[in-house]
Amino acid sequence: MQGVGMRVEQKDSYLRIWQTVLRIPRGRVASYGTIARLSGLPGQARLAGYALHNLPRGAGIPWHRVINAMGRISLPGARGTEQERILRKEGIPITGGRIDMVKYGWHSQSGKRAKK
DNA sequence: CTGGTGACCATTA
DNA sequence: TTAATGGCCACCA
């Protein structure tokens, strides 16, 4: 987290985003925009990315299940490589650097099928 | 205040 | 399909 200057409202936004990410089931992924929308922050996908960037160390947040709207990993560098590895381990295929959002995208409905 | 940056996105060409 | 563009907004110098 940041300094003491962090305001209550934005901290609340971060908490909401983290809680939403926490709801993503194993074997599914969600886009930053989806996370923002489900957190009551429509159109603020960037904030979702920012909140994840500021994740507290060691929190049990499945940050790796959040990717961009095109089914690609946005996190650059070694962290991105790690994310790809974890997702594969959870059973999500990544072909050509992409994930099939139609099959593996999460839409907050537990009843929906992962496959057609 | 202003300007730059970023784990973004929808639209348009 | 990719690339450019404008919008979005917290954060920082």
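Heavy atoms of A/Arg37 sit nowhere under 4.0 angstrom from any nucleic acid atom.
Residues A/Asn68 and A/Ser74 have side chains that bring a donor and an acceptor to within less than 3.5 angstrom of each other.
Considering only the side chain of A/Leu47, C/dA10 comes nearest among C/dC9, C/dT1, C/dA10. Listed nucleotides: B/dG6, C/dT1, B/dC9. Nearest to the side chain of A/Arg98: C/dT1. Closest to the side chain of A/Gln44, out of C/dT2, C/dA10, B/dC8, is C/dA10. You'll find that the side chain of A/Ala69 is closest to B/dC9, out of B/dA7, C/dC11, B/dC9.
Taking atom P on both nucleotides, C/dG6 is separated from B/dA7 by 22 Å, rounded to a whole Å.
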Discussion item. For A/Trp106 and A/Leu38: C-alpha separation, side-chain torsions, deciding distance, then whether side chain to side chain contact (heavy atoms under 4.5 Å, CB included) applies.
Written reply: CA-CA 11 Å; A/Trp106 177 63; A/Leu38 294 177; 3.7 Å; yes
Practice prompt. For salt bridge (Lys or Arg N to Asp or Glu O under 4.0 Å), just list the numbers for A/Glu90 and A/Arg65, CA-CA rounded to whole Å, side-chain angles, deciding distance to a tenth of an Å, and then say yes or no.
Written response: CA-CA 10 Å; A/Glu90 293 196 344; A/Arg65 306 212 258 246; 2.8 Å; yes
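For B/dA7, the OP1/OP2 oxygens have no side-chain nitrogen or oxygen of A/Arg65 closer than 4.0 Å. The side chain of A/Tyr14 contributes an N or O atom lying less than 4.0 Å from OP1 or OP2 of C/dC11. Considering only side-chain N and O atoms, A/Ser31 lies nowhere under 4.0 angstrom from the phosphate OP1 or OP2 of B/dC8.
Taking 3.5 Å as the limit, the base of C/dA10 and the side chain of A/Tyr50 contain no donor-acceptor pair of atoms between them.
Judged by the 6.0 Å and 45° rule, A/Arg79 forms a cation-pi pair with A/Trp63.
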